[in-house]
Number of protein chains: 2
Amino acid sequence: MSDDEIKKNSIRAPHFVTLRDIAESASVSVSTVSRALAGKGLVNRRTESRILRIAEAMGYRPNALARSLVTRNSGLIGLMLHNLLNASFQRTAEIIQTRLADAGYQLLLCITGDNPQQEADFLSMLFDHRVEGLIYVPTGKNMELIRRFTDSGVPVVGLIRRQIDSPYDSILLDDINGAYEGTRYLLELGHKRIGILVGRPETNSGRERLEGYLKALHEFGVPENPNYICRGPYNAPFGKQACETLLDLKTPPTALFAANHEASFGVMRVLSERSISIPDQLSLLCYEDEPWFSWQKPAISVVDSGPEAMANLAAERLLQRIIRPDAFSGGRELRMGAKLIIRDSCGAGPGF
Amino acid sequence: MSDDEIKKNSIRAPHFVTLRDIAESASVSVSTVSRALAGKGLVNRRTESRILRIAEAMGYRPNALARSLVTRNSGLIGLMLHNLLNASFQRTAEIIQTRLADAGYQLLLCITGDNPQQEADFLSMLFDHRVEGLIYVPTGKNMELIRRFTDSGVPVVGLIRRQIDSPYDSILLDDINGAYEGTRYLLELGHKRIGILVGRPETNSGRERLEGYLKALHEFGVPENPNYICRGPYNAPFGKQACETLLDLKTPPTALFAANHEASFGVMRVLSERSISIPDQLSLLCYEDEPWFSWQKPAISVVDSGPEAMANLAAERLLQRIIRPDAFSGGRELRMGAKLIIRDSCGAGPGF
DNA sequence: CTGTTAGCGCATTCAT
DNA sequence: ATGAATGCGCTAACAG
């Protein structure tokens, strides 16, 4: 009978070792065990080490949930990204998780697919889990939910996109300047027929990169040519189609600025298909670095948007806010400067 | 005085709304609120809806920590990977998080860098957080810690690598067969001088892929040539060096099997540099698909190890175990079959 | 249908 | 230096 009970329990309810178990085994109170394990030296040296040994022997591990409940620190941080396909997001996720783990936090990862409803669901779940901080790329549709966090004193850091009046810090990319620098580089090489592929006008990067491109053009007194501007979705097929269109122009560009990252794949495919020699026949500049860009022949020059720096900054910033929750200091906006990485895919243009 | 207190509290202690708050506001007991929110219909329709409205109005959100503590379900699942750079790991992470989120679980992401110490630390943290399941790529050095999970009835699913006698399910890749199929494909195309790049003998994939390669060779009566076999680390520089070595042989291979994924980058670089025409002058087959492979010209044929299928299976398997924790059924080993994806990088060989 | 009572595992007063 | 008592927010068994 009793035997039966024991067996039944041991199979179905794998009891986790608790402070109480240790306390009983050590013939002390739960509080003493708690203190001993805290290691603040509030306990007799001898009994402390005895308790430690027993705890070790019993395989004790603190229940983070119970602890969180009383300390009001979950040790959890939420990270919400669109996907993990984009090289920038990968770097971001990896760096942030590593940095936060070093600081003793665990990362709750959420992939939204840039879907506002998904975002809303995840935001609720993260809130329920009482994350102590949140880093995310906003869709912009769930500001009321975000306000839940900020109102509760949970720091939030936004990435890449930002609504005006966001009650939290944001780390943005300097797409205007990045595109400007890239275009200027091509202009200085002597190109004036520069084709550009960018995201749609609805997107931030689409607008800003085009703006930077135009700014450089104007600065060099080069008239803009609508035929040289291709706007489309973030995918390879668009890049293929756009590249073909550009190359088939009566006076095709002498340089291509693939400022829509995903489209670069399609562009490179077309250039290979048509056996266009880079940079002799055509100069190619891409946006956002990709590991294999440097292993292409020729190695592809890029405007690097700096995802690593952004991720590091985001993690740092969040940790700062957690430590010093100055309620009134939120809402700052930081721009992560873009950097031109010159490799071998751009050559001299016809000149002016 | 009282005013002062209130202000002070409202600034420094952003009180989260609790069941008690709602109960007071609705003049009912905490349990009634709990029941109403549970929505099992154990409460008067009218009061239930009233409570729901009040909860909504007060912005109530359940404290997952408190709930977990009593229900003994954290709703958390751990995922431990080496990195997020490898395309297979990205897909794995994304798919698993999505699948588990659908099932109502949140993912705690850990990046170990294949470092046993890191792995140990993460395993402890995950255990402390009382994850309800764990999916990971084992280093193989922390079996005692893993046993903590399995002994406690927490299901574990191993990925890619497996120690004999692991007390949990593993989803492995069929590298032997994958390499065999790939090699056989090249042989059938008429190649007999096939160079191969694989991981070091210490690695699983290194050993198995070489085995598959040799098996195919023997089956076709082709003698193995040590000069055609290059073993090295998982990185691009190795690929570059190895590829150069192979090509500089007096009788270089007519086909290259880049079965060390990361090395593929270096290989492709060399082939471009030397303007070797694929597949006319040389056939190229890679291992593990990469998004841009299909956008190269020619599109690269690969042996796909099936990370998506593996991730899906892992998630499914874990969820099953969580639902039905049949203590005695663990320890199964599943092989995820590899698949040959034929694109344009392999052509006819000289024949036999 | 509803309120009261008991914890979940832990940290933290308050006594001693 | 230690034990007893309290409560974190919630669910669940028990009475009514």
Side-chain angles (χ1 to χ4, degrees), chain A residues 9 13-52 54-55 58-76 125 127-132 152, chain B residues 9 13-52 54-55 58-76 125 127-132 152:
Chain A
N9 279 337
H15 179 87
F16 289 82
V17 181
T18 72
L19 286 188
R20 211 169 77 98
D21 299 325
I22 302 177
E24 282 171 3
S25 173
S27 309
V28 292
S29 77
V30 173
S31 344
T32 303
V33 178
S34 177
R35 291 192 191 97
L37 263 37
K40 299 282 184 190
L42 307 188
V43 136
N44 183 306
R45 307 283 272 171
R46 315 255 323 268
T47 54
E48 169 159 333
S49 64
R50 187 165 56 92
I51 290 175
L52 257 41
I54 295 182
M58 298 181 73
Y60 171 78
R61 284 267 81 201
N63 184 324
L65 274 45
R67 177 179 288 171
S68 300
L69 189 59
V70 36
T71 63
R72 313 174 92 66
N73 293 128
S74 66
L76 262 27
M125 290 188 104
F127 188 86
D128 295 354
H129 280 279
R130 297 298 185 264
V131 293
E132 293 182 55
S152 306
Chain B
N9 279 338
H15 178 86
F16 290 80
V17 180
T18 71
L19 287 189
R20 210 168 77 99
D21 299 326
I22 301 176
E24 284 171 1
S25 172
S27 309
V28 291
S29 77
V30 172
S31 345
T32 304
V33 178
S34 177
R35 290 190 193 101
L37 264 37
K40 300 281 184 193
L42 308 188
V43 140
N44 183 307
R45 308 283 271 169
R46 317 251 328 265
T47 55
E48 169 159 332
S49 63
R50 187 165 57 90
I51 291 175
L52 257 40
I54 295 182
M58 298 181 73
Y60 172 79
R61 284 266 82 202
N63 184 325
L65 274 45
R67 176 180 290 171
S68 299
L69 189 58
V70 36
T71 63
R72 312 173 94 64
N73 292 129
S74 66
L76 262 27
M125 290 188 104
F127 187 86
D128 295 354
H129 280 279
R130 296 299 186 263
V131 293
E132 293 183 55
S152 306

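In this text the structure is predicted, and so the values were computed from the model without any measurement. Chain naming here is simple, since letters A, B, ... match the order of the sequence lines and numbering starts at 1 in each.
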Which atom pair, heavy atoms only, marks the closest approach of V17(B) to Y60(B)? O-CD1, 3.4 Å

Determine, stepwise, if the pair I22(B) / I51(B) fulfils side-chain contact (heavy atoms from CB on, under 4.5 Å). CA-CA 7 Å; I22(B) 301 176; I51(B) 291 175; 4.2 Å; yes

To the nearest Å, give me how far apart CG (L42(B)) and P (dT11(D)) are.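 Rounded to the whole Å, the gap is 13 Å.
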
Residues at least two apart in sequence or cross-chain that pass side chain to side chain donor-acceptor pair (under 3.5 Å) with E132(B), listed by chain then number, are N73(B)

If the condition is side chain to side chain contact (heavy atoms under 4.5 Å, CB included), which residues does S25(B) pass it with, not counting sequence neighbours? I54(B), M58(B)

Check every strand shown and say whether [X] touches a base, only sugar-phosphate, or nothing at a heavy-atom separation below 4.0 Å.
| X | answer |
| --- | --- |
| V30(A) | nothing |
| S68(A) | nothing |
| L65(B) | nothing |

Looking at side-chain heavy atoms only, is the closest gap between D21(A) and F16(A) below 4.5 Å?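 No, every pair of side-chain atoms sits at 4.5 Å or beyond.
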
Closest nucleotide among dG3(D), dA1(D), dG3(C) to the V28(B) side chain: dG3(C)

Short heteroatom pairs, N/O only, protein and nucleotides 4-8 of chain D, under 3.5 Å:
residue	atom	partner	partner atom	Å
dA4(D)	N7	S31(A)	OG	3.4
dA4(D)	N6	S31(A)	OG	3.0
dC8(D)	O3'	R72(A)	NH1	3.0

Cut-off 3.5 Å, no hydrogens considered: what does the side-chain donor-acceptor table look like for residues 30-45 of chain A, sequence neighbours left out?
residue	atom	partner	partner atom	Å
T32(A)	OG1	S29(A)	OG	3.1
N44(A)	OD1	R46(A)	N	2.7

For dT2(C), does either OP1 or OP2 sit under 4.0 Å from a side-chain N or O belonging to T32(B)?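 It does not, given that no N or O in the side chain of T32(B) lies less than 4.0 Å from OP1 or OP2 of dT2(C).
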
At less than 4.0 Å, is any side-chain N or O atom of S34(A) found next to OP1 or OP2 of dA11(C)? Yes or no. yes

Inter-residue atom distance S74(B).OG - L65(B).CG, 0.5 Å rounding: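 Between atom OG of S74(B) and atom CG of L65(B) there are 9.5 Å.
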
Determine which pairs satisfy salt bridge (Lys or Arg N to Asp or Glu O under 4.0 Å) with at least one residue from residues 58-68 of chain A, sequence neighbours left out, and list them in order. R61(A)-D128(B)

Checking R72(B) now: which residues fulfil salt bridge (charged side-chain N to carboxylate O under 4.0 Å, His left out) with it, not counting sequence neighbours?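 R72(B) satisfies salt bridge (charged side-chain N to carboxylate O under 4.0 Å, His left out) with no other residue.
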
Comparing nearest nucleotides in DNA chain D, the 5'-proximal residue of the pair R130(A), E48(A) is E48(A)

If the helix axis at each end comes from five base pairs, how far does the helix from dC1(C)-dG16(D) to dT16(C)-dA1(D) deviate from straight, to 10°?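 Overall, the helix from dC1(C)-dG16(D) to dT16(C)-dA1(D) bends by 50° from one end axis to the other.
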
